[in-house]
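It should be emphasised that the depicted structure is a prediction, and the values quoted were computed from it without experimental measurement. Numbers restart at 1 for each chain; the letters A, B, ... are given by sequence-line order, proteins then strands.
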Amino acid sequence: MVSPDLLEILRCPYCVSGETRRPGADPGRLTLVKDQWLVCQEDGCNRKYPIRDDIPIMLIEEGDKYRATPVEQLS
Amino acid sequence: MSQLAQSIFGQRAAFYTTSSTHTDKVVLDRVIELAQPQPTSLVLDVATGTGHTAFALAPHVREVIATDVTREMLFEGGRLRLAAHRRAAADMGKDERGIANVEFRMADVHDLPFDDAMFDIVTCRRAAHHFTDIARALSEMQRVLKPHGRLVIDDRSVPEDSFVDATMNRLDVLHDRSHVREYRPGEWERLLQAAGFVVETIEPYTRHRPLSALTEKAEPEDAAEIEAMMAALNESQRAAMNIVDKDSETYMNHWFVMIAGTKSEESHRDASQ
């Protein structure tokens with residue numbers, strides 16, 4: 001189990017860093033889905049980061065893999 | 001970090017947990033001293049490998065988040081953590097705190113998956129010479145640090161000497177193809193200032209290491225090139241590298257640098273505008 005206050009500081013790496021950073025004070029916020037996925041809340045991002053063995057996989061290329069997968073189909 | 005680094009560290013994860021250069025206690029102690037940890041500190045240890053630095057800092061702080069780009073390195077770290085948990089339980093809770101407050105995230109230092117200004121301390125040990133864009137990596141570490149937050153970097157380095165710089169960097173690329181560059185202390189100072197840090201400490205140091213440390217894990221053709229480069233050195237070049245033959249082994253200097261700085265006030269003001 002990943003501790004909730006440490007999940008709270010995680011952001012979508014694509015939307016929070018570098019030249020792809022979204023505008024606003026706090027870009028790239030994530031929502032925890034089914035206790036296993038962190039889904040980016042930015043419009044059109046759709047990146048989804050899996051949590052495996054209590055380790056969130058926060059790599060952009062990992063988030064890219066699930067962009068086309070609807071949230072309800074995540075398992 | 002490159003796919004090459006991911007693949008090389010995947011193969012080497014088991015080796016790193018027992019490697020003496022990666023568990024050098026004097027160096028770890030200095031990292032902790034420079035980090036000035038407080039019981040309330042939230043620490044980010046980037047490119048943690050199997051978590052040596054994270055575990056060393058953990059007893060001194062509230063929480064350590066350890067990141068690495070390589071799954072195998074993190075899972076090796078997780079394995080160590082579990083083993084330590086079991087030992088701690090058998091030991092009636094002794095040292096338990098120093099292990100339970102380390103959490104792992106798979107993340108790339110060039111795109112850190114954290115909100116701005118979250119961490120009191122960022123550490124990075126023996127990894128920066130693998131980063132494909134050092135300026136961006138430092139800028140990301142700066143972004144996630146709180147104002148006046150502390151950065152401590154320990155890394156391979158080279159002296160301010162063009163011959164040694166070129167030779168050592170070439171030898172280390174041959175040793176490990178995911179090496180990008182080992183920077184001079186002066187380069188580090190400029191890089192840190194450009195990234196918005198106030199530099200407090202730049203401490204170069206050396207370790208006298210056997211040549212086998214370079215050749216052992218290298219590909220056969222790369223090991224052969226290392227041997228050929230060493231054989232071609234003249235006396236003054238050997239002296240510059242501090243090459244000494246002893247106990248039927250060739251020893252040479254490896255250069256390192258220990259760096260500490262703080263996130264500058266100026267950069268904080270810029271970020272808030």
Out of A/Ile57, A/Val16, A/Leu30, A/Ile51, which one racks up the most heavy-atom pairs below 4.5 Å with chain B?
A/Val16

So ring-ring contact (aromatic ring centres under 6.0 Å, His included) across residues 11-55 of chain A, not counting sequence neighbours, yields A/Trp37-A/Tyr66

Part of B/Arg105 within contact of chain A (heavy atom distance under 4.5 Å):
both

Identify which part of B/Leu112 has an atom lying under 4.5 Å from any heavy atom of chain A, answering side chain, backbone, both or neither.
backbone

Side chains of [X] and [Y], donor plus acceptor under 3.5 Å:
| X | Y | result |
| --- | --- | --- |
| B/His148 | B/Thr262 | no |
| B/His129 | B/Asp155 | yes |
| B/Asp68 | B/Thr48 | no |

Output yes when A/Arg47 and A/Asp64 qualify as a salt bridge under the 4.0 Å nitrogen-oxygen rule, no when they do not.
yes

Salt bridge or not between B/Asp111 and B/Arg136? Use side-chain N to carboxylate O under 4.0 Å.
yes

What part of A/Ile60 is in contact with chain B, defined as an atom under 4.5 angstrom from a non-hydrogen atom: side chain, backbone, both or neither?
side chain

Side chain A/Gln73, main chain A/Pro70, donor-acceptor under 3.5 Å:
no

Would a distance-only check, ignoring hydrogens and angles, find a side-chain to backbone donor-acceptor pair under 3.5 Å from B/Asp108 to A/Leu59?
no

Close contacts, residues 21-28 of chain A versus chain B, judged by heavy atoms under 4.5 Å
A/Arg21, A/Asp26

